[in-house]
Amino acid sequence: MKMRFKPQAPAQGEYTMQPESLLEVRDLHVNIQMDDYTLNAVRGVSFTLKKGETLGLVGESGCGKSVTSKEILGINPDNCSSTGEVLFRKKSGEILNLLTLEKDGETYRAIRGTEMAMIFQEPMTAFSPLYTIGNQLSEIILIHEPGTTKKQARQRVLQMLQKVGIANPEKRIDQYPHEFSGGMLQRALIAMMLCCNPDFLIADEPTTALDVTIQAQILELMKNLQQEFGMSILFITHDLGTVANMCDHVAVMYLGEIVEYGTVRQIFHNPQHPYTQGLLRSLPKMEQKREEKLYVIDGVVPLPVGMGSCCGFYDRCQYCEAGACDCQDIPEYTVEPGHTCRCVRMEQGGK
């Protein structure tokens with residue numbers, strides 16, 4: 001049973017975006033219907049991604065990062081319903097509200113791969129074990145570019161495998177996924193996503209399963225490819241060190257809401273929300289003594305069920321105030337131009 005919310009689509013050309021924007025998410029809500037209850041997985045998320053920019057979406061597991069990204073791509077399961085707007089500018093200049101499209105409709109299938117793509121967390125499960133790497137990468141090109149011959153597709157796959165740093169691509173193209181290491185599979189997955197030169201790439205924790213050395217190589221590869229192809233990237237991670245290295249702007253997400261947003265410099269040098277401050281305090285420091293324990297934020301992310309009017313971080317916050325934080329929806333305060341925060345302490349000047 002399909003539960004995707006279908007608002008009435010405006011006539012062609014009615015949607016408007018900022019000229020430099022590629023993606024604008026406006027007041028996105030995603031609910032997941034379980035057997036006995038409803039999860040309010042995403043609650044009023046809004047952000048803008050400009051052309052050629054990298055936006056980091058940060059937060060603990062269970063904060064709604066992956067649900068948000070999959071809703072943009074239209075690949076959440078059918079027990080998910082959504083409201084709001086997700087505006088996307090195609091290469092042709094046409095603006096689409098992705099939430100009005102059928103998940104399996106022709107329009108969505110046409111833009112997946114050619115206009116937008118996603119690198120998933122685990123490369124080992126992204127490939128079929130029954131087909132060679134070359135077959136699976138060629139299929140993307142043949143599906144989206146019907147006039148391309150198999151020979152032409154194979155040649156482009158060879159070029160892309162070489163571009164992502166896979167040695168001896170002439171041999172590797174005919175090998176199966178189990179013959180690749182984890183780092184090589186991640187490179188092959190990046191090659192697959194870039195075969196049709198999309199403008200928008202979602203990277204959902206693309207280095208989680210890799211060791212530190214390979215992580216650095218993959219991140220450097222992504223930065224180089226972004227510059228070459230001019231892509232915009234939504235980078236989803238819980239690793240703030242990666243965010244500092246990869247991103248232009250940061251959206252800190254907690255319990256389905258963006259609680260703080262700003263540039264990398266603003267978030268790292270002037271964090272305002274207690275959750276952001278806790279995440280940064282959790283990072284290991286060079287001057288930290290060996291016997292010192294890392295800072296830990298008490299508690300865990302609760303299930304987003306029956307969310308009332310309160311701050312989602314209330315039960316874990318050291319600054320919480322009864323009667324202020326637990327009885328109202330927290331508005332978005334402006335800290336400085338381009339830097340916003342959802343915390344009642346902003347009324348008293350923050351920090």
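No donor-acceptor pair under 3.5 Å is formed between the side chain of Glu53 and the backbone N or O of His249. The closest donor-acceptor contact from the side chain of Ser69 to the backbone of Ser66 lies under 3.5 Å. The backbone N or O of Gly323 lies less than 3.5 Å from a partner atom in the side chain of Asp326, making a donor-acceptor pair. At distances below 3.5 Å, not a single donor-acceptor pair connects side-chain atoms of Asn270 with backbone N or O atoms of Gln266. Side-chain N or O atoms of Glu24 include none that pairs as donor or acceptor with a backbone N or O of Thr48 at under 3.5 Å. Between the side chain of Glu257 and the backbone N or O of Gly44, no donor-acceptor pair lies under 3.5 Å. Side chain of Lys103 to backbone of Tyr108: no donor-acceptor contact under 3.5 angstrom is found. Checked by atom type and distance alone, the side chain of Asn76 pairs as donor or acceptor with a backbone atom of Val67 at under 3.5 Å. Using modelled atom types, no side-chain atom of Lys50 and backbone atom of Gln18 make a donor-acceptor pair closer than 3.5 Å. Judged by distance alone, the side chain of Gln277 and the main-chain N or O of Pro271 form a donor-acceptor pair under 3.5 Å.
By the 4.5 Å heavy-atom criterion applied to side chains, Pro274 and Cys343 are counted as neighbours. With a 4.5 Å cut-off on side-chain heavy atoms, Leu137 and Leu161 count as touching. Considering only heavy atoms from C-beta on, Leu255 comes within 4.5 Å of Val301 through its side chain. For the pair Thr68 and Val25, the minimum side-chain heavy-atom distance is 4.5 Å or more. The side-chain heavy atoms of Glu71 and Val42, taken from C-beta on, include no pair separated by under 4.5 Å.
Note on ring orientation: taking the six-membered ring where Trp is involved, the planes of His178 and Tyr176 are parallel (angle under 30°, cut-offs 30° and 60°).
The distance from the SG atom of Cys311 to the CZ atom of Arg345 is 10.5 Å, given to the nearest 0.5 Å. Taking CD of Gln155 as the start and NZ of Lys151 as the end, the distance is 8.5 Å to the nearest 0.5 Å. To the nearest 0.5 angstrom, Ile133 atom CD1 is 11.0 Å from Ser138 atom OG. Distance check, rounded to the nearest 0.5 Å: CD of Glu85 to CG of Leu28 gives 10.5 Å. One distance of note links CD of Gln136 with CZ of Phe127; it measures 6.5 Å at 0.5 Å rounding. Gln227 contributes atom CD, which lies 12.5 Å from atom CE of Met222 (distance to the nearest 0.5 angstrom).
When only modelled atom types and interatomic distance are considered, Arg172 and Gln175 share a side-chain donor-acceptor pair under 3.5 Å. No side-chain donor-acceptor contact under 3.5 Å links Asn31 and Gln33.
The local environment of NZ in Lys91 is crowded, with over 12 non-hydrogen atoms from other residues, nucleotides or ligands closer than 6.0 Å. The environment of CD in Glu170 is crowded: more than 12 heavy-atom neighbours from other residues, nucleotides or ligands sit within 6.0 Å. Atom CG of Asn168 has more than 12 neighbouring heavy atoms from other residues, nucleotides or ligands inside a 6.0 Å radius. More than 12 non-hydrogen atoms from other residues, nucleotides or ligands lie less than 6.0 angstrom from CD of Gln226.
Qualifying side chain to side chain contact (heavy atoms under 4.5 Å, CB included) partners for Tyr37, counting only residues two or more places apart in sequence or in other chains: Met34, Leu39, Val305. Every side chain to side chain contact (heavy atoms under 4.5 Å, CB included) that Asp27 has, sequence neighbours left out, goes to His29, Ser46.
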Side-chain donor/acceptor pairs under 3.5 Å, residues 185-203, sequence neighbours excluded:
residue	atom	partner	partner atom	Å
Gln186	NE2	Pro206	O	2.1
Arg187	NH1	Val164	O	2.7
Arg187	NH2	Gln217	OE1	3.0

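Under a hydrophobic clustering in which Ile, Leu, Val, Met, Phe, Trp and Tyr are joined whenever their side-chain heavy atoms come within less than 4.5 Å, directly or via other members, Ile141 and Leu158 fall into the same cluster. The same ILVMFWY cluster, assembled from side-chain heavy atoms under 4.5 Å apart, contains both Met17 and Tyr15. The cluster map of Ile, Leu, Val, Met, Phe, Trp and Tyr, joined by side-chain heavy atoms under 4.5 Å apart, puts Ile297 and Tyr319 in different clusters. In the hydrophobic clustering of this structure, Ile166 groups with Leu219; members are Ile, Leu, Val, Met, Phe, Trp, Tyr whose side-chain heavy atoms approach within less than 4.5 Å, directly or through other members. Put simply, Leu96 and Phe47 are part of the same group of oily side chains (I, L, V, M, F, W, Y) that touch within less than 4.5 Å, one to the next.
Across Asp239 and Thr237, no two heavy atoms sit closer than the pair N-OG1, 2.9 Å. Taking all atoms of both residues into account, the shortest heavy-atom contact from Tyr254 to Val300 is OH-O, 4.1 Å. Contact detail for Ala153 and Thr148: the closest heavy-atom pair is N-CG2, 3.8 Å. For Ile72 against Met116, the heavy-atom pair with the smallest separation is O-SD, 4.2 Å. Pairing each heavy atom of Arg154 with each of Ile173, the nearest pair is NH2-CG2, 3.4 Å. Closest heavy-atom contact between Thr100 and Asn97: OG1-O, 2.7 Å.
Sorted by first then second residue, the side chain to side chain donor-acceptor pair (under 3.5 Å) pairs that include residues 332-344, not counting sequence neighbours, are Glu260-His339, Tyr333-Glu347. The salt bridge (Lys or Arg N to Asp or Glu O under 4.0 Å) analysis of residues 302-316, with sequence neighbours excluded, yields the pairs Glu60-Arg316.
Through chains of ILVMFWY side-chain contacts below 4.5 Å, Leu130 is grouped with Tyr131.
Classification of Arg112 and Asp104 as a salt-bridged pair fails, no side-chain N sitting under 4.0 Å from a carboxylate O.
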